[in-house]
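Side chains included, hydrogens not; waters and symmetry mates left out as well; all remaining heavy atoms used. All chains are named by letter (A, B, ...) in the order of the sequence lines, taking the proteins before the strands, and each is independently numbered beginning at 1.
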Amino acid sequence: MWLVLSLAGFALAVVLHAVFARMGGSVTIVLSFLGVGIPVAVVLAALALWMFAMSDESIAAVLVYLALCETYIFLFTLAANGVSVSLMMRLRSRPTSADELMKSYSTRAMVERRIDHLKSGGFLIEEDGQIALLERGRALVRAFALARGFFKHRRSLDIGVAEHGESGQRSRP
Amino acid sequence: MHWILLAGFIAAHVLAYIAVFRHLKVFAAERAIVIYHGLAFAAVFAVVVVAFARGTIGFAASCGLLALQYLYSLSFLELWTLAEGSYSLQILLRVSRQASISREEILASCEAIGADKKRNRLHDLQSLRLIAEDPDGTVKISAMGRMLVDTLSLIMRLTTIREAG
């Protein structure tokens, strides 16, 4: 029964997110999922506690729900941002040579999409052809600097430097 | 009790990383981090299976414990990879270096990186057996790759993502 609760909660979160995603708005896809996922988690936790009291069943119901949600977030961000995923989707349409595949995937379009996502997410602003960081973008850069310091990432991220130095980072697709 | 034990294991795993492993050069590579967490998950899985088989814990506790370990590892790996250098982060850093920058400058900076990224991705996909290259040079998606892409396509339709990558 706890598992049914967990799976039903996840299905509800996915359906609600699909509805909200079609309503438009400037909220990023991850934030929009969190916007439905967190309230569903609260309701699920309350239901689980009411049905099972504080027990392995109620804790498991919430944890399995959270695990499913995190997997879903991982998969749709992979689909939205993954260079590998885009390459595989092109190959699904038709097999081709490696050179043709590389030519068909526009790096320019990929970067343009990312710039547009960052703008719609409120991290960048573009005026008269000039792009600048908004406060949210600066906060994100600071947060990532902290994270890079914590993980001891050594590789330079400056894409201006990377033209002459390292290239071909093996980060997430 | 089992929740406390797992919480203690996770805390020790994190502390070991902070105190020792993150300073090692080998842990700068994604592969090492994945193995570090993969081994931890395998260890927890083995203990949970044995405990469940012995009747020490029930099905709910088994699932919950594995879900907790999974949440910890996936969150860690996601954060590690994002901090290592997502494309969006690189763009933000580029913009942060000056008061403003033109779109064309960013695009020009990224072009060379994009080409390298594609080549690396093809190589990674082959090593994961998601694609295969025929002797005549034709690259095809494998059955496993097709399953993954079909799942992601369904998710894209649900979340109204128009284009991958």
#### Entry: Shortest non-hydrogen separation from A:Ala60 to B:Ala60 and the atoms involved
CB-O, 3.1 Å
### Query
Do the side chains of B:Leu79 and B:Leu89 join up, straight or via other hydrophobic residues, at under 4.5 Å, putting them in one cluster?
yes
### Query
Of the options B:Leu68, B:Leu65, B:Leu66, which is the one that meets A:Leu63 in a side chain to side chain contact (heavy atoms under 4.5 Å, CB included)?
B:Leu68
### Summary
chain B shares the most heavy-atom pairs under 4.5 Å, among A:Thr71, A:Asp99, A:Ile125, with A:Thr71
### Query
Is the CE atom of A:Met51 crowded by more than 12 outside heavy atoms at less than 6.0 Å?
yes
### Task
Side chain from CB out, backbone as N, CA, C, O: work out which of these in B:Asp150 comes under 4.5 Å of a heavy atom of chain A, or both, or neither.
both
### Interchain contact, A:Ser58 with chain B, by part (heavy-atom threshold 4.5 Å)
neither
### Message
Taking side chain as everything from C-beta outward and backbone as N, CA, C, O, which of these in B:Phe21 sits under 4.5 Å from a heavy atom of chain A? Side chain, backbone, both or neither.
### Response
neither
### Message
Using 0.5 Å steps for rounding, measure from the CD1 atom of B:Ile106 to the CG atom of A:Leu124.
### Response
7.0 Å
### Greater than 12 external heavy atoms within 6.0 Å of A:Lys119's NZ
yes
### Task
Decide yes or no for A:Asp56 and B:Trp3: does some side-chain heavy atom of the first lie under 4.5 Å from some side-chain heavy atom of the second?
yes
### Query
For B:Ala99, is it the side chain, the backbone, both or neither that has a heavy atom under 4.5 Å from a heavy atom of chain A?
backbone
### Task
Find the one option among A:Met89, A:Arg94, A:Arg90 whose heavy-atom pairs under 4.5 Å with chain B are most numerous.
A:Met89
### Task
Heavy-atom pairs under 4.5 Å with chain B are the metric here; pick the option from A:Val64, A:Leu140, A:Leu118 that has the most.
A:Leu118
### Query
Contact part of B:Ser62 toward chain A, heavy-atom cut-off under 4.5 Å: side chain, backbone, both or neither?
neither
### Query
Among A:Glu57, A:Arg92, A:Glu100, which has the most heavy-atom pairs under 4.5 Å with chain B?
A:Arg92
### Message
Rounded to the nearest 0.5 Å, what separates atom CD1 in A:Ile29 from atom CE in B:Met156?
### Response
9.5 Å
### Task
Below 4.5 Å from any heavy atom of chain B, which atoms of A:Val14 appear? Answer side chain, backbone, both or neither.
side chain
#### Entry: Other residues, nucleotides, ligands: >12 heavy atoms within 6.0 Å of B:Phe45 CZ
no
### Query
What's the spacing between A:Ile131 CD1 and B:Ser102 OG if we round to 0.5 Å?
7.5 Å
### Query
Who wins among A:Arg138, A:His117, A:Glu126 for the most heavy-atom pairs under 4.5 Å with chain B?
A:Glu126
### Task
Against chain A, label B:Arg146 side chain, backbone, both or neither, depending on which of its atoms sit under 4.5 Å from a heavy atom there.
side chain
#### Entry: Atom pair CD (B:Glu104) and CZ (A:Arg108), whose distance is rounded to the nearest 0.5 Å
4.0 Å
### Task
For chain A, find which of B:Ile161, B:Leu77, B:Ile101 contributes the most heavy-atom pairs closer than 4.5 angstrom.
B:Ile101
### Query
Does any non-hydrogen side-chain atom of B:Ser88 lie less than 4.5 Å from one of A:Phe123?
no
### Query
Between B:Phe76 and A:Phe151, how do the two ring planes meet: parallel, tilted or perpendicular, split at 30° and 60°?
perpendicular
### Task
Give a yes or no on this: more than 12 heavy atoms of other residues, nucleotides or ligands lie within 6.0 Å of atom CD1 of B:Ile4.
no
### Query
In terms of hydrophobic clusters joined by side-chain contacts under 4.5 Å, are B:Leu128 and B:Ile131 together?
yes
### Task
Select one option (side chain, backbone, both, neither) describing which atoms of A:Phe150 are under 4.5 Å from chain B's heavy atoms.
both
### Query
Given the rule that I, L, V, M, F, W and Y join up when any side-chain heavy atoms are under 4.5 Å apart, are B:Ile33 and B:Val20 in one cluster?
yes
### Message
With rounding to the nearest 0.5 angstrom, report the CG to OH distance, A:Leu66 to B:Tyr70.
### Response
12.0 Å
### Query
Side-chain donor-acceptor pair under 3.5 Å between A:Tyr72 and B:Thr159, yes or no?
no
### Message
Quick check on the interface: out of A:Asp128, A:Ile115, A:Val141, A:Leu68, who has the most heavy-atom pairs with chain B under 4.5 Å?
### Response
A:Ile115
### Message
I'd like to know if the side chain of A:Arg22 reaches the main chain of B:Leu158, judged simply by a donor and an acceptor atom lying under 3.5 Å from each other, with no hydrogens or angles considered.
### Response
yes
### Message
Do A:Phe33 and A:Met23 sit in one hydrophobic cluster, given that two such residues count as connected whenever their side-chain heavy atoms are within less than 4.5 Å of each other, even indirectly?
### Response
yes
### Task
Treating Ile, Leu, Val, Met, Phe, Trp and Tyr as nodes and any side-chain heavy-atom pair under 4.5 angstrom as an edge, say whether A:Val15 and A:Ile73 lie in one connected cluster.
no
### Task
Locate the shortest heavy-atom distance separating A:Trp2 from B:Cys63; write the atom from each residue and the value.
CH2-CB, 3.5 Å
## Note on the structure
When every non-hydrogen atom of A:Met88 is compared with those of B:Gly145, the smallest separation belongs to SD-CA, 4.3 Å
#### Entry: NZ-CG distance between A:Lys152 and B:Leu24, expressed to the nearest 0.5 angstrom
11.5 Å
